[in-house]
Number of protein chains: 4
Amino acid sequence: MPKIVDKEEKRKAIADVSITVFKNNGYHSARMADIAVAAGIGKGTIYEYFKNKADILRYALDNYFNAFLNGAVLAMGEIKDPLEKLLSLIDFAFRHAAKWEDHCAVYVDYFGTAAREKDYRIYLDAIYRDMESMLASIIEEGQRSGKFHEGYNPAGFAALLVSLYEGAILYDVFKGAPGNRELVRDAAIRLIEKGLTA
Amino acid sequence: MPKIVDKEEKRKAIADVSITVFKNNGYHSARMADIAVAAGIGKGTIYEYFKNKADILRYALDNYFNAFLNGAVLAMGEIKDPLEKLLSLIDFAFRHAAKWEDHCAVYVDYFGTAAREKDYRIYLDAIYRDMESMLASIIEEGQRSGKFHEGYNPAGFAALLVSLYEGAILYDVFKGAPGNRELVRDAAIRLIEKGLTA
Amino acid sequence: MPKIVDKEEKRKAIADVSITVFKNNGYHSARMADIAVAAGIGKGTIYEYFKNKADILRYALDNYFNAFLNGAVLAMGEIKDPLEKLLSLIDFAFRHAAKWEDHCAVYVDYFGTAAREKDYRIYLDAIYRDMESMLASIIEEGQRSGKFHEGYNPAGFAALLVSLYEGAILYDVFKGAPGNRELVRDAAIRLIEKGLTA
Amino acid sequence: MPKIVDKEEKRKAIADVSITVFKNNGYHSARMADIAVAAGIGKGTIYEYFKNKADILRYALDNYFNAFLNGAVLAMGEIKDPLEKLLSLIDFAFRHAAKWEDHCAVYVDYFGTAAREKDYRIYLDAIYRDMESMLASIIEEGQRSGKFHEGYNPAGFAALLVSLYEGAILYDVFKGAPGNRELVRDAAIRLIEKGLTA
DNA sequence: CATGAATGAGGATTCATTCAT
DNA sequence: TATGAATGAATCCTCATTCAT
């Protein structure tokens, strides 16, 4: 089934180009014509691969989220120690944000839409829930083994970690100052290490 | 003589209504007609008080930021102890976010615009810089007095705190789950207390 | 009846200011607010003196046309010789255009409107007819007395003179080059003198 | 492959229709919707061919002016005698005005705009300068050869001719009386012949 | 009389999407 | 499959005019 491969490949290519356009112009201001030009195809052709403008955004960020989830599983791997596992996850998360920088920038627009439109919301909700339960179980694990401080509510700490991550991404998107990401990451890792362990 | 109107009061009233409309529909989707209807005035009247749609957003969030900055100064007051000062600031910040819930929701859209348009960016940049330097000096103070751990880069920790705050706001906007804010806040305060102190 | 004098005086004052505004911005682009500011009165006050925007234009150019007609009669005075009479009229016409320079500039806009709207058209038509019959009778007089060349159709020559005058005004409005008016006037007078006399 | 369209042809078609609409309603009052309906196309389609409303006007009158300039050169052709050359030019000019009657009617609006907006002004200025220098050199030629009266300032006479022409066009637009154009033309030709020759 | 706050009809323009080729 | 010409719904904003004070 070579055709299908081609089709999927072109979908990805168009989505990648779109992300750049979205990043530069903003999702709302970006015109389909801009994408077509950037992708070197006709305007109509986009609609052979995507239902509409929102569909491109959705698809592109699907990839971003899937890569995160897959990468997160890989990052934790067979690590037994909960602290090590958590730190490996955090390390991966920051590397992921750096690698998918453009997607992160567009994520803000996606977020705004997602907060309002039901379908998007449900979808993003599920992702966040996944991330949080993943984190919460690590926290619980650490607390059970006596390595993490008992005072923390696992769900609350998980939500805190997600918040921190989202905030760091957004802030970096806005700032774009070189070295800022690393500064924040180092502070975060140290703080978590010192503050979470029993 | 014509009707006498408190221009500034009416500006504020329109902006307040607008924020609600922006929150519900999103800034981009919200139509000037929606605002006019919600405010119980004619479409044209809006333009007597604001140059354009963006001007309303800007004005509304100006108030939000100014209230934050003023409140932050008040929250720190005469507190000498750096930890107490920091915690008071954090406590205020979360209360501020709760009080200005609608503005927070719209803040995402503002952020997206600000990241792209020069004027907005400069303005928001200044606010962030203010917040960070405020925080960094508290950290330094704590480190000098030996109360805070020496390992932290003050600027990095300040950026982390801002990130965390922004992330918590955004996450809450998205979630909107009752009790979530408090869960995150408590975890944050405990983490900072435990992790930052020497 | 002092009130009426005041009212009429203020009408004139507003109309004069309006002509300047119309000249600078063009009739269509000029806003009632501009006129109010320029006149140092409130927007609503204009409507105490004029029915609407078009009414101001109409009134202002009424004055212009009336002054022309009155001045023309005066310029011809008791002059018996048809050539002298014609030249005196032409001389006056050019001086009138110079004196009412701003009105001339606005006249273009008026003309465009007049060409389209019935009421305006009828009015302007009457003025042109007056001017033409005035001129035609001078030509006929000159031809009867054997001083003007017989070959000219009086109505045709009158229309030519009006055309030339309108054209000179418009061209001058556009050019605005100093000395241009005089150059055209001298050429016109010489041409008419040489070409019209038998 | 999509429909193949001769862009330039369609541009011309839309512009032609627009001129009719402008003539009937006036440029300012004419709505884009009117043009679309008259052209049998969608409103949006106009913008595929023209940047905006002003662009249509500009394009249409570009054609008008270009046709004039080209026709003028043709009309003068290889004619040696300056009087003959001038009369041929005048004859052409009047025929041109008759042929482009609708454009002439719209020309008034263009003129009003051109007198105010810098870009338009520069453009129209250049055209007038061309016409005048063309005419002035004919006058000079005639004077050198002793055929034209020496008393005329060539530039002044050229400006007079242009004024007369513009005035005749405008006056005709306004009058629209049948036979008027010919009456004016005949008077003009006779006057120039008699008055200009030595 | 004078005012300017309020209004909403009106119009230019944009752009996602469709569809004939 | 690819295209881009065509479309019109959608929306911001302007400004002449009204009218309560």
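Every chain is numbered from 1, with letters handed out A, B, ... down the list of sequences.
Here dC15(F) presents its C1' atom at 16 Å from CD1 of Ile46(B), a figure rounded to the nearest Å. In this structure, Ile35(C) places its CD1 atom 15 Å from P of dT3(E), rounding to the nearest Å. Rounded to an integer number of Å, the gap from CD1 of Ile14(C) to P of dT3(E) is 10 Å. Computed from coordinates, the Asp34(C) CG to dT14(F) C1' distance equals 12 Å when rounded to whole Å. Protein atom CZ of Arg31(B) is 12 Å distant from nucleotide atom C1' of dA9(F), rounded to whole Å. The nearest whole Å value for the distance from the CE atom in Met32(B) to the P atom in dC12(F) is 7 Å. If you measure from atom NE2 of His28(B) to atom P of dA10(F), you get 18 Å, rounded to the nearest angstrom. Between the CG atom of Asn25(B) and the C1' atom of dA10(F) there is a distance of 15 Å, given to the nearest Å.
Not one side-chain nitrogen or oxygen of Tyr49(B) sits closer than 4.0 Å to the OP1 or OP2 atom of dA5(E). The side chain of Tyr47(B) places no N or O atom within less than 4.0 Å of a non-bridging phosphate oxygen (OP1 or OP2) of dA6(E).
The neighbour count for Glu8(B) CD, taken as heavy atoms of other residues, nucleotides or ligands under 6.0 Å away, is above 12.
Checking dT17(E), dA2(E), dA6(E) against every side-chain atom of Glu48(C), the shortest atom distance belongs to dA2(E). The Lys53(C) side chain lies nearest to dA16(F) when the options are dA5(E), dA2(E), dA16(F). Checking dA12(E), dT17(F), dA2(F) against the side-chain heavy atoms of Lys10(A) singles out dA2(F) as nearest. Comparing dT14(E), dT7(E), dC13(F) by their nearest atom to the side chain of Lys43(B) picks out dC13(F). Among the nucleotides dA6(F), dT13(E), dA16(F), the one closest to the side chain of Asn52(D) is dT13(E).
At the heavy-atom level, Ile41(D) lies under 4.0 Å from the strands shown only through sugar-phosphate atoms. Here Phe50(A) lies out of heavy-atom contact (under 4.0 Å) with every strand. Using a 4.0 Å heavy-atom cutoff across all strands shown, Ala30(B) reaches sugar-phosphate atoms only and no base atom.
Toward the 5' end of DNA chain E, the nearer of the two residues Lys51(D) and Lys7(B), judged by each one's closest nucleotide, is Lys7(B). Mapped onto DNA chain F by nearest heavy atom, Ala33(C) and Ser29(B) fall at different nucleotides, with Ser29(B) at the one closer to the 5' end. Comparing Gly42(B) and Tyr27(A) by the nucleotide of DNA chain E that holds the closest heavy atom to each, the one mapping nearer the 5' end is Gly42(B).
In this entry dT18(F) has dA5(E) as its Watson-Crick or G-U wobble partner, both defining distances falling under 3.5 Å. In this structure dA12(E) sits in a base pair with dT11(F), meeting the Watson-Crick or G-U test at under 3.5 Å.
Note on ring orientation: taking the six-membered ring where Trp is involved, the planes of Phe111(A) and Phe174(B) are tilted (angle from 30° to 60°). The aromatic rings of Tyr110(A) and Phe65(A) are tilted relative to each other, their planes meeting at an angle between 30° and 60°.
Tyr64(D) has its side chain out of reach of Val106(D): every pair of non-hydrogen atoms, C-beta onward, lies at least 4.5 Å apart.
Taking the six-membered ring wherever Trp is involved, the centroid distance between the rings of Phe50(A) and Tyr59(A) falls below 6.0 Å.
Between Asp34(D) and Arg31(D) there is a salt bridge, since a side-chain N of the basic residue sits under 4.0 Å from a carboxylate O of the acidic one.
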